[in-house]
Amino acid sequence: MPIDQMKQLLDSMETSVKMQQQARAERRAEEAERERKAFQEKLMRAAVTKTELDSMVSKVKGRQDAVQRDQLIGMMMAGF
């Protein structure tokens with residue numbers, strides 16, 4: 001095999017390897033981006049859930065405070 005053909009074959013192989021590595025790197029980058037987006041979505045859902053829970057806690061506490069207030073007023077009216 002002449003040297004020019006061998007050089008051309010080696011160049012072709014090198015280009016093929018580089019393209020495969022680039023394709024793998026792109027796939028890894030795409031996968032990392034999908035994972036990042038999925039993680040951010042989970043964080044957002046957790047934040048929404050926490051906000052909803054905080055709101056529920058606040059409502060329950062407000063109701064408890066109202067019940068205690070009503071009981072105190074009732075006791076004061078009864079003369080205790």
Side-chain angles (χ1 to χ4, degrees):
M1 181 180 269
I3 301 244
D4 288 339
Q5 285 181 341
M6 288 178 64
K7 184 176 180 342
Q8 186 179 12
L9 177 64
L10 289 174
D11 288 344
S12 176
M13 290 172 64
E14 181 181 9
T15 301
S16 176
V17 168
K18 285 180 181 178
M19 291 176 69
Q20 288 174 357
Q21 289 175 343
Q22 182 179 358
R24 274 190 231 116
E26 288 173 3
R27 282 192 300 271
R28 283 192 303 268
E30 290 169 358
E31 178 64 23
E33 181 64 17
R34 280 192 298 273
E35 288 178 4
R36 184 187 67 80
K37 285 182 180 181
F39 181 70
Q40 283 185 326
E41 178 66 27
K42 287 179 184 178
L43 286 177
M44 290 296 291
R45 279 186 272 155
V48 167
T49 300
K50 183 182 181 323
T51 302
E52 289 172 350
L53 288 173
D54 289 346
S55 174
M56 291 171 67
V57 166
S58 177
K59 287 178 185 176
V60 168
K61 179 150 179 34
R63 289 179 186 144
Q64 287 175 338
D65 290 345
V67 167
Q68 287 179 352
R69 182 190 65 232
D70 293 345
Q71 288 173 346
L72 285 172
I73 290 173
M75 289 170 52
M76 288 172 57
M77 298 295 269
F80 285 105

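Numbering of residues begins at 1 and proceeds along the displayed sequence.
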- Task: Output, in order, the C-alpha distance, side-chain angles, deciding distance and verdict of side chain to side chain contact (heavy atoms under 4.5 Å, CB included) for V17 and M13.
- Result: CA-CA 6 Å; V17 168; M13 290 172 64; 5.5 Å; no
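- Atom CG of L53 has more than 12 heavy atoms from other residues, nucleotides or ligands within 6.0 Å.
- The shortest distance between side-chain heavy atoms of Q5 and L9 does not fall below 4.5 Å.
- Using modelled atom types, one side-chain atom of T15 and one backbone atom of D11 make a donor-acceptor pair closer than 3.5 Å.
- Of the possible polar contacts, one joining the T51 side chain to the A47 backbone as a donor-acceptor pair under 3.5 Å is found.
- In this structure, R45 pairs ionically with E41, as a charged nitrogen and a carboxylate oxygen lie closer than 4.0 Å.
- Salt-bridge formation is detected for the pair D65/K61: a Lys NZ or Arg NE/NH1/NH2 atom is positioned less than 4.0 Å from an Asp or Glu carboxylate oxygen.
- The closest side-chain heavy-atom distance from R36 to Q40 is below 4.5 Å.
- Comment: E31 does not engage R28 in a salt bridge, judged by the lack of any side-chain N to carboxylate O separation of less than 4.0 angstrom.
- E30 has no carboxylate O lying under 4.0 Å from a charged side-chain N of R27, or vice versa, which leaves the two without a salt bridge.
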